[in-house]
Amino acid sequence: MKNRLFPARSVAPLLRAPAACFALSAIAAALPCAQAQTLLAQNLRAPSLQDVVVTATRTPQPLSDLVADLSIVDRETIESSGATGVADVLARLPGVEIARNGGPGNATSVFLRGAESRFTAVYIDGVRVDSQSTGGALWEQIPLAQIERIEVLRGPAAAVYGSDAIGGVIQLFTRKGEGPPAPYVSVGVGNRGTSKLEAGVSGATGVDNALDYALSLAYERSDGWDIRAGVPHNPDSDDYRSTSGHARLGFKIDARHRLDATLLANQLNSGYDAYLSGMPKPSMPLDDDRNKERLRTAGLTWTADWSDAYTMRLSATDSYSRYETTPSPYLTETRLRNYLWQNDYRLGVHSFSAALERREDELTNPALDAWSTAIRGSRAQNALALGYGLHAGAHTLQLHWRHDDDSEFGIKNTASAAYGYAFAPHWRATASWGSAFRAPTLYQRFSEYGNPALQPETSYNAELGLRYDQGHSSASLVVYRNRVSNLINFVGAGTCASAYGCYANTAHARYQGVTLAGSQRWGGVQLHGSIDWQDPRNLDTDKRLARRAQRYATLGADTRLADWTLGGEVQATGQRFDDAANKNRLGGYMLWNLHASTQVARDTQLLARVDNLGDKRYQLANTYVPSGRMLYVGLKWAPQ
């Protein structure tokens, strides 16, 4: 298998100063000048209270009806970011850090509010994505080229989604067709042999545009670079190739009934460098270590508006994730099936929801050599989820409760309560509490490193928030504390067949922190930024959790100059530790990125991007080397 909280500043100044100005200036001034350089970067678009989201409650609602710490990323932001992977886009958001073993095609972790990567529930068009081997989504498998919009919900949501949502929920949406046919073609090239090709079409047809469609294909490749340093390894360039496609069809049966079908697939082939026992000799033939991965998601949904007050949604979804390495033999396959019957009823200022859900998880790990153990296992969860919402004048209340019956662990009940109060024009204070859990993966229980006696990890989270929103100005302050029991770690040998170590419920963890974010337009310049202070800690050892910084921040600016859209961002983080013992230190870093775009013809747009302008050498994981300076130029043709 491959591998202290800083005292929060008083919120009183927020009540006496323009909110966005305070948020942006605090990002630069909250630390000594010598340290502030390492804590700046871009915060993608702050959501407006008029935005409609679905992730917080699984029901389309405007943010004004929700009490949630949520970010939205649209397609325009994704394209201007120039990012290669979904995780790179997420890393520019408040409360998100990433770690990666090398380049975009290699193992990637996403830490939401410092929580383990497996503590984030991930969905693509409502289809659950997870690995019953590693736990959590395999982020490198998700093709950014197919993603139109991202919603990131920070904070536990198990009372809505069940197991996994201890740290939060990330939902990704593909393109959806509307209006007349809209084809597009996009090509781009960059250094390190990088090239991209995307093509697709979307639209609607038939009587009253009853049938809408969106189809797209994308291919991306790079010659890569030598992703390891400081250890014996194959000093080759570790390239990657990704081929992905997506199809989405919707059919409006009549004014009240609709069918939607989605399909997404990606095939990824990337190089990695296994550890060698000694330094390679020039004449020694070395293996070309490869990751071979596949992801497929499919979903079918029937939505019925039985009345102006009552909506029903019935869906069946399926996802398949495959991860294989060669020539070192390892293969794992996860299949997830979900069936959801969601009912929503609105009565004046009150809203009610009730849902029945069944989840089925399967894991297959064949024994490919004499040292591995074959695994073939499955489990299921049946759940009842109830919700209540109130939006009356200045008051907003959300209550959720969920009852899960797991085929292995029995009954797990989770609940959440959130309250928001608009105490002044444009100002809103919030408070929330929630419980959550994550069931152990089938690999953690039944592999050679497994322990059948493992129990679910459980958490309790409390948070307070303050938000200002007026026109082009917004600011938010969130203070949270999330405590996890039965944390599963990989420990010494003892309870499993392996002599190298076993999984065990050995720890308690605490994720606590403060997130400050803001967005402000000054003249023709749009500024946006965030700063996070956090303390993700193993309470049993009093050590900081691996690969997570105590401080990181974002700052960016965008403007129009003549026919050009210009932008810049600084992305940085403080020091981290690569190991649980806090002995291997990863230094802090600061990355400067620039982007520009313009219309070179009526239907053609030019995009140019420079990432890591200063060619900064840094590490997201020990002995692994990121790309260095990256240049990219692309053209997109899309008839207006």
Side-chain angles (χ1 to χ4, degrees), residues 47 49 51-70 120-121 123 126 128 151-171 301-315 317 338-359 381-393 395-406 411-421 428 430-438 458-463 465 482:
L49 293 180
D51 281 315
V52 175
V53 298
V54 301
T55 302
T57 63
R58 275 188 165 176
T59 302
Q61 288 180 289
L63 273 181
S64 58
D65 286 1
L66 303 178
V67 184
D69 183 17
L70 188 144
T120 297
Y123 291 79
R128 186 166 60 100
E151 294 182 9
V152 179
L153 174 67
R154 290 173 287 269
V160 177
Y161 290 92
S163 176
D164 310 349
I166 289 179
V169 180
I170 297 178
Q171 185 139 211
T301 301
W302 167 36
T303 303
D305 295 326
W306 295 109
S307 70
D308 294 338
Y310 171 45
T311 298
M312 184 201 75
R313 187 169 76 254
L314 189 64
S315 67
T317 64
N338 272 54
Y339 308 93
L340 176 67
W341 181 31
Q342 176 90 20
N343 299 270
D344 299 290
Y345 184 78
R346 182 173 291 276
L347 180 62
V349 299
H350 308 277
S351 60
F352 306 86
S353 65
L356 294 176
E357 182 174 17
R358 178 173 173 82
R359 301 163 50 139
Q381 293 174 350
N382 296 315
L384 166 66
L386 302 176
Y388 168 75
L390 168 71
H391 185 65
H395 303 276
T396 303
L397 176 66
Q398 292 176 347
L399 302 174
H400 292 278
W401 174 83
R402 181 172 168 125
H403 173 88
D404 283 274
D405 186 358
D406 190 286
I411 304 300
K412 296 296 293 185
N413 293 316
T414 52
S416 65
Y419 172 70
Y421 176 53
R428 193 182 199 197
T430 61
S432 64
W433 175 93
S435 60
F437 77 101
R438 161 99 197 188
T458 59
S459 82
Y460 296 93
N461 179 85
E463 64 185 79
N482 194 354

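- The two residues A56 and A68 come nearest to each other via the heavy atoms CB-CB, 4.3 Å.
- With hydrogens and angles left out, the side-chain atoms of H400 and S416 include no donor and acceptor closer than 3.5 Å.
- Here the closest heavy-atom approach between residue A121 and residue A165 is recorded as CB-CB, 4.0 Å.
- For E357 and R58, the salt-bridge test passes: some basic side-chain N is under 4.0 Å from an acidic carboxylate O.
- Residue H403 is tested with N382, T414, N413 for a side-chain hydrogen bond (donor to acceptor under 3.5 Å, both in side chains); the sole match is N413.
- The pair R402-D404 counts as a salt bridge, with a side-chain nitrogen and a carboxylate oxygen less than 4.0 angstrom apart.
- For the residue pair T311 / D305, a side-chain donor-acceptor distance below 3.5 Å is found, with atom types taken as modelled.
- Aromatic ring orientation, W302 versus W306: perpendicular (interplanar angle above 60°, classes split at 30° and 60°).
- No donor-acceptor contact under 3.5 angstrom links the side chains of Y460 and N482, judged on distance only.
- If you check the side chains of Y388 and H350, you find a donor sitting under 3.5 Å from an acceptor.
- Residues Y161 and V169 are in side-chain contact: their nearest non-hydrogen atoms beyond the backbone lie under 4.5 Å apart.
- R438 pairs with exactly one of D164, T120, T458 by the side chain to side chain contact (heavy atoms under 4.5 Å, CB included) rule, that one being D164.
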- Might you work through the side chain to side chain contact (heavy atoms under 4.5 Å, CB included) test for Q171 and L153, ending with a clear yes or no? CA-CA 8 Å; Q171 185 139 211; L153 174 67; over 6 Å; no

